Amino acid sequence: MARPKIALIGAGQIGGTLAHLAAIKELGDVVLFDIAEGTPQGKALDIAESGPAEGFDATLKGTNDYADIAGADVCIVTAGVPRKPGMSRDDLLGINLKVMKSVGEGIAKHAPNAFVICITNPLDAMVWALREFSGLPHEKVCGMAGVLDSARFRHFLSLEFDVSMRDVTAFVLGGHGDTMVPLARYSTVGGIPLPDLVQMGWTTQEKLDAIIQRTRDGGAEIVGLLKTGSAFYAPATSAIEMAEAYLKDQKRVLPCAAYVDGALGLNGMYVGVPTVIGAGGVERVIDIKMNRDEQAMFDKSVDAVKGLVDACKGIDQSLA
Ligand SMILES: NC(=O)c1ccc[n+]([C@@H]2O[C@H](COP(=O)([O-])OP(=O)(O)OC[C@H]3O[C@@H](n4cnc5c(N)ncnc54)[C@H](O)[C@@H]3O)[C@@H](O)[C@H]2O)c1
Ligand SMILES: O=C(O)C[C@H](O)C(=O)O
């Protein structure tokens, strides 16, 4: 049976890391696409040359021609611009919206059956725009952010509790911005919800609040340290987890920016929610119940995403 084909649209920091991970994990043959001439070709060759030592079976091709993504099973989109210190993700909206238009058209023409994972920021508005421009089914287009934000939360919690990250679960929902919603009640250590761990005296509410804020600021913390761009190792790993769930029909329960129409009181919009990802794409949006405080935070985040979508419609009349 032929290997799956994975198209990576954008061959920058995340795109290159995605290609390396996809090859090492033997998820399929990789095509790296970018408008920058030489970059995708150079990265594809460099990673392919790591194959003999690593021992993977996968081909890697770099290209500037959308025709080379033809028939891709998965497309992961990182094309666009990252932020620099002092910028918010939302500042990228105007420039990256134009990129989503060309990428959406390229995918629609050459890989209309792919499962598409958008990473480009501001994430929730960009995945919405990418879906509009591509016209693909909603369940086949989603955005990566919740897996990353939850991974950051899990990492910080594992440091606080001095336990393995594998035994920490977390859910961060809402938009991938300053209003994101880390849900303490749905996050656990060894199956014990975080509020119970505070009651047990294993940590304090103040420490938990600080971890939640550090999670919200997780992207900016890395941007501040790197100075020239944003995080790429953890974002790439998070998207690969989603791609693998689709390719292997794993039915993973993962938070992602999915199209929600009916669940969580939402009518037809993209935002971070718990989902099930399998061979059907986003097979299910989990309609979790939130308490009053959680709902208020989620509503605020939803409003922020709606504002960004409205801004997209203002910039590109074809989206209105
Ligand atoms: N969703 C998340 O959780 C998350 C996490 C990290 C970064 N991001 C976002 O991902 C995006 C990419 O980050 P990066 O660090 O890889 O950036 P990068 O600058 O290293 O790479 C972006 C690549 O996109 C290419 N590109 C630009 N316009 C293009 C077009 N029209 N078609 C094809 N390629 C094009 C550039 O040539 C560049 O190689 C940014 O918008 C960043 O904010 C999102
Ligand atoms: O913070 C950024 O600009 C990149 C990304 O959204 C992240 O959370 O790392």
Side-chain angles (χ1 to χ4, degrees), residues 8-25 32 34 36 39-40 43 47 76-93 95-96 99-100 103 117-127 130 142-160 165 168 170-182 187 210-244 254-257 271-272 301 304-305 308:
L8 307 173
I9 316 297
Q13 296 286 56
I14 305 177
T17 312
L18 285 168
H20 198 194
L21 287 172
I24 287 175
K25 291 172 81 77
L32 259 174
D34 203 291
T39 302
K43 290 196 178 185
I47 295 166
I76 308 181
V77 177
T78 60
V81 175
R83 65 171 157 160
K84 296 213 166 62
M87 294 173 75
S88 94
R89 297 177 181 94
D90 301 352
D91 296 334
L92 306 171
L93 186 137
I95 185 160
N96 284 347
V99 176
M100 291 305 100
V103 174
I117 302 169
C118 179
I119 301 185
T120 303
N121 273 321
L123 190 271
D124 305 83
M126 291 304 101
V127 65
L130 182 64
C142 65
M144 187 295 294
V147 175
L148 170 66
D149 298 325
S150 302
R152 287 180 172 145
F153 196 17
R154 290 170 66 191
H155 172 61
F156 301 146
L157 289 168
S158 78
L159 294 177
E160 166 61 14
M165 286 185 255
V168 181
F171 262 125
V172 180
L173 308 183
H176 181 58
D178 298 341
T179 60
M180 72 176 73
V181 185
S187 303
I211 288 171
I212 287 173
Q213 193 53 46
R214 189 175 179 196
T215 300
R216 287 202 182 99
D217 297 337
E221 184 176 359
I222 304 273
V223 169
L225 290 165
L226 294 182
K227 295 182 184 66
T228 53
S230 51
F232 51 101
Y233 293 113
T237 308
S238 303
I240 288 290
E241 192 176 11
M242 293 167 66
E244 189 169 19
L254 298 171
C256 77
V271 70
S301 196
V305 172
L308 293 174

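Scope of the values below: all heavy atoms of this structure, side chains included, with no hydrogens, waters or symmetry mates. Being a predicted model, the structure only gives us computed values, none of them experimental.
- Of the residues V181, D149, V147, the one that meets the side chain to side chain contact (heavy atoms under 4.5 Å, CB included) test with V172 is D149.
- Once rounded to the nearest 0.5 Å, the distance linking CD1 of I119 with CG of L130 reads 11.5 Å.
- Using a distance-only test at 3.5 Å, with no hydrogens or angles considered, no donor-acceptor pair links the side chain of S230 to the main chain of P82.
- K43 contributes a side-chain N or O that, together with a main-chain N or O of G12, makes up a donor-acceptor pair within less than 3.5 Å.
- When side chains are defined from C-beta on, R89 does not count as touching L123, because their heavy atoms never get closer than 4.5 Å.
- Separating the CZ atom in R154 from the CD1 atom in I211 is a distance of 14.5 Å, to the nearest 0.5 Å.
- Exactly one residue among T237, I240, I117 makes a side chain to side chain contact (heavy atoms under 4.5 Å, CB included) with L18. That residue is I240.
- Two residues are said to be in side-chain contact when any heavy atoms from C-beta on lie closer than 4.5 Å; I222 and R152 meet this criterion.
- Other residues, nucleotides and ligands place no more than 12 heavy atoms under 6.0 Å from the CD1 atom of I95.
- Closest approach of M144 and P235 over heavy atoms only: CE-O, 3.6 Å.
- Put simply, the side chain of S301 gets close to the backbone of T179: a donor and an acceptor are under 3.5 Å apart.
- At a threshold of 4.5 Å between non-hydrogen side-chain atoms, the residues M87 and V223 do not count as touching.
- Considering all non-hydrogen atoms of both residues, G143 and M242 come closest at O-CE, 3.8 Å.
- To the nearest 0.5 Å, atoms CG (L173) and OG (S150) are separated by 7.0 Å.
- Distance check, rounded to the nearest 0.5 Å: OG1 of T78 to CG of L32 gives 8.5 Å.
- No donor-acceptor distance shorter than 3.5 angstrom exists from the side chain of D90 to the backbone of P122, with no hydrogens or angles considered.
- Of all the heavy atoms in A23 and I47, the pair that sits closest is CB-CG2, 4.2 Å.
- Other residues, nucleotides and ligands contribute at most 12 non-hydrogen atoms within 6.0 Å of the CE atom of M165.
- Of all the heavy atoms in M180 and G175, the pair that sits closest is CB-O, 3.2 Å.
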